[in-house]
**Q** 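Please find one structure pasted underneath; my questions will follow.
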Protein chains: 2
Amino acid sequence: MKLDDAIKKLRRFYRFEKRLPTYEEMSELFGFSSKNASFKLIAKLIEAGILEKGDKGKLLPKNLFAIPHLGTIKAGYPMPAFEAHHDNIDLFRYLYDVQGDIYFLTVSGDSMIDALIGEGDKIIVDPSRTPKNGDIVAAIVDNEWTVKYYYKRNGAVELVPANKNYPVIYPRESLEIGGVIISVIRKYH
Amino acid sequence: MKLDDAIKKLRRFYRFEKRLPTYEEMSELFGFSSKNASFKLIAKLIEAGILEKGDKGKLLPKNLFAIPHLGTIKAGYPMPAFEAHHDNIDLFRYLYDVQGDIYFLTVSGDSMIDALIGEGDKIIVDPSRTPKNGDIVAAIVDNEWTVKYYYKRNGAVELVPANKNYPVIYPRESLEIGGVIISVIRKYH
DNA sequence: ATTGACAGTGAACAGATGTTCACTGTATAT
DNA sequence: ATATACAGTGAACATCTGTTCACTGTCAAT
């Protein structure tokens with residue numbers, strides 16, 4: 001059993017079960033008839049830095065889901081040299097480093113197009129954060145939701161769209177901030 | 001112990017340990033001195049659909065990380081009515097439904113700005129997918145990396161930038177497709 | 001041919017884990 | 001006051017789990 005194959009099988013298992021298999025389950029997964037074979041295989045994965053043992057000796061997926069980050073790619077003219085500096089990004093940690101309760105919204109419309117937020121994009125909103133000038137916020141103005149840049153000048157809040165075809169909103173009646181946009185996620189099909 | 005507090009504590013534990021705690025660990029986590037108190041609490045979370053028991057009776061985080069999806073927000077004029085249809089999106093499944101090996105790239109430059117991909121954005125590349133017309137690809141042209149729209153007309157490949165200030169690339173010497181962009185992730189700080 | 005490293009087998013065992021049962025205190029409603 | 005539901009305690013136990021040990025076969029190097 002090659003390490004690469006083992007890694008893929010562990011990933012698949014984890015994706016479905018959201019946990020690592022026990023050594024007995026690994027034996028089934030890897031096609032061993034002895035738990036010990038799995039035990040030895042895992043020892044190698046630990047040595048390779050893919051897995052690790054936590055506080056209480058429990059197996060943890062240290063780098064099992066770290067997607068290789070191959071570097072920076074220039075989206076202008078082709079990049080002179082593509083240095084493959086191998087960071088690894090753990091998507092889970094990358095996006096989930098928020099303490100409080102966050103939520104998703106799906107964007108429709110084009111008023112934030114100049115901020116590179118378009119139709120169908122999912123935005124993650126952190127309702128616990130207080131908006132600073134220039135933050136993008138989900139706001140409830142006069143009982144209606146909208147996504148805009150947030151600016152506070154002389155005590156008055158302006159909600160500025162990232163599209164010249166739309167007007168700046170100066171909330172009159174009520175303004176409630178749904179939260180600050182902390183992330184944008186787009187998925188192509 | 002309120003269910004909401006328990007959920008938050010479980011999330012925190014899972015974020016660090018990448019697994020659910022045992023009943024004994026839960027007792028410590030929740031401040032119980034009896035495992036059974038945790039057992040009963042978890043039973044409620046299972047009934048509430050937050051957790052579930054898998055094939056072999058193991059505890060799984062069914063919806064523990066499902067971020068509430070509050071609906072569609074119009075980024076044009078404020079939305080007339082904001083129907084709170086409570087989908088839940090599991091970020092992990094949402095972004096990780098790829099079998100093969102994927103990798104990240106960080107974008108620099110503005111040649112894909114009209115495709116809403118800008119400086120600093122992370123793009124996820126699937127090297128196993130064959131590009132179709134209109135897909136955004138990471139390509140290696142004459143030994144240099146670039147991100148462009150992919151088009152094949154009359155057997156000739158065109159790499160089209162999403163920015164009028166840049167020229168269309170007609171690969172002469174070599175063209176290698178690094179992969180198809182399947183996702184864009186932006187994070188604000 | 002001999003050696004050694006390596007991949008896997010099979011059995012054994014201490015300790016951890018999920019689950020059940022009977023019990024206690026405490027708040028709330030009747 | 002009385003009953004009732006509920007949150008938590010404490011102990012018990014069968015089973016599962018990680019780990020160790022001794023062993024077998026196989027391949028490559030000497």
Side-chain angles (χ1 to χ4, degrees), chain A residues 1-66 90 92-93 100-101, chain B residues 1-66 90 92 101:
Chain A
M1 169 73 44
K2 286 175 189 167
L3 284 196
D4 282 354
D5 293 338
I7 290 173
K8 281 179 189 170
K9 286 180 177 175
L10 286 175
R11 278 188 187 150
R12 207 167 305 149
F13 187 98
Y14 199 99
R15 208 173 293 134
F16 280 100
E17 296 285 329
K18 300 253 184 153
R19 62 175 176 88
L20 288 171
T22 65
Y23 287 109
E24 199 165 10
E25 289 169 326
M26 285 179 203
S27 301
E28 201 176 340
L29 194 64
F30 297 148
F32 296 146
S33 63
S34 168
K35 280 198 293 181
N36 186 253
S38 306
F39 187 76
K40 287 178 182 172
L41 188 60
I42 293 302
K44 283 183 192 164
L45 288 176
I46 292 172
E47 199 166 1
I50 311 291
L51 304 176
E52 67 178 333
K53 296 236 168 163
D55 295 341
K56 287 183 147 188
K58 303 250 170 187
L59 213 52
L60 303 181
K62 186 183 184 186
N63 274 313
L64 187 60
F65 288 99
D90 186 328
F92 204 61
R93 290 219 177 111
D101 294 322
Chain B
M1 168 72 47
K2 285 176 188 166
L3 284 195
D4 281 354
D5 293 338
I7 290 173
K8 280 179 191 171
K9 285 180 178 176
L10 286 176
R11 276 188 188 150
R12 206 166 306 149
F13 187 97
Y14 199 100
R15 208 173 294 136
F16 279 100
E17 295 285 329
K18 300 253 186 149
R19 63 175 176 88
L20 288 171
T22 66
Y23 287 109
E24 199 164 9
E25 289 169 326
M26 286 179 201
S27 302
E28 201 175 339
L29 195 64
F30 297 148
F32 295 145
S33 63
S34 168
K35 277 198 295 180
N36 186 252
S38 305
F39 188 76
K40 288 177 182 172
L41 187 60
I42 293 302
K44 284 183 192 163
L45 288 176
I46 292 172
E47 199 166 2
I50 310 292
L51 303 176
E52 68 177 334
K53 295 236 169 164
D55 293 341
K56 287 183 150 188
K58 302 251 172 186
L59 213 52
L60 303 182
K62 186 184 184 187
N63 274 311
L64 187 60
F65 289 99
D90 186 327
F92 204 61
D101 294 322

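These values consider heavy atoms only, across backbone and side chains, with no hydrogens, waters or symmetry-generated copies. We name chains A, B, ... by the order of the sequence lines, and we start the count at 1 in each one.
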**Q** Do you know the tightest heavy-atom contact between Leu45(B) and Ala6(B)?
**A** CD1-CB, 4.4 Å
**Q** Report the residue (Leu41(B) or Pro21(A)) whose heavy-atom-nearest nucleotide on DNA chain D is the more 5′ of the two.
**A** Leu41(B)
**Q** Report which part of the nucleic acid Lys44(B) touches: base, sugar-phosphate, or nothing (heavy-atom distance under 4.0 Å, all strands).
**A** sugar-phosphate
**Q** Rounding to an integer number of Å, can you tell me how far Glu25(B) CD sits from dT17(C) P?
**A** 6 Å
**Q** Mind checking whether Lys62(A) and Leu51(A) have side chains closer than 4.5 Å, heavy atoms only?
**A** no
**Q** Quickly work out the Lys40(A) NZ to dA5(C) C1' distance and round it to whole Å.
**A** 12 Å
**Q** In Å, rounded to the nearest 0.5 Å, how long is the span from CG of Asn36(A) to NZ of Lys40(A)?
**A** 4.5 Å
**Q** If we fit an axis to the first five pairs and another to the last five of the helix from dA1(C)-dT30(D) to dT30(C)-dA1(D), what angle do they make, to the nearest 10°?
**A** 20°
**Q** By the 4.0 Å heavy-atom rule, please label Lys53(A) as base, sugar-phosphate, or nothing.
**A** sugar-phosphate
**Q** Strictly below 4.0 Å, N to O, side chains only: are Glu17(A) and Arg19(B) in salt-bridge contact?
**A** no
**Q** Grab the CZ-C1' distance between Arg19(B) and dA16(C) for me, whole Å please.
**A** 12 Å
**Q** Salt bridge or not between Glu52(A) and Lys18(B)? Use side-chain N to carboxylate O under 4.0 Å.
**A** no
**Q** For Phe39(B), answer base if it contacts any base atom (sugar-phosphate contacts may also be present), sugar-phosphate if it contacts only those atoms, and nothing otherwise; contact means non-hydrogen atoms under 4.0 Å.
**A** base
**Q** Can you measure Leu20(B) atom CG to dT17(C) atom P for me and round it to whole angstrom units?
**A** 13 Å
**Q** If I compare all heavy atoms of Phe30(B) with all of Ser38(B), which pair ends up nearest, and what's the gap?
**A** CD1-OG, 4.1 Å
**Q** Which nucleotide span of DNA chain D, 5' end to 3' end, has atoms closer than 4.0 Å to non-hydrogen atoms of chain A?
**A** dT17(D) to dC21(D)
**Q** Would you find a donor on one side and an acceptor on the other, under 3.5 Å apart, between the side chain of Glu25(B) and the backbone of Thr22(B)?
**A** yes
**Q** Taking all heavy atoms of Lys35(A) and all of Ser27(A), pick out the closest pair and write down the distance.
**A** CA-OG, 3.3 Å
**Q** So do Leu20(B) and Tyr14(B) actually touch side chain to side chain, heavy atoms under 4.5 Å?
**A** yes
**Q** For Tyr23(A) and for Phe32(B), find the nucleotide of DNA chain D with the closest heavy atom, then tell me which residue's nucleotide is more 5'.
**A** Phe32(B)
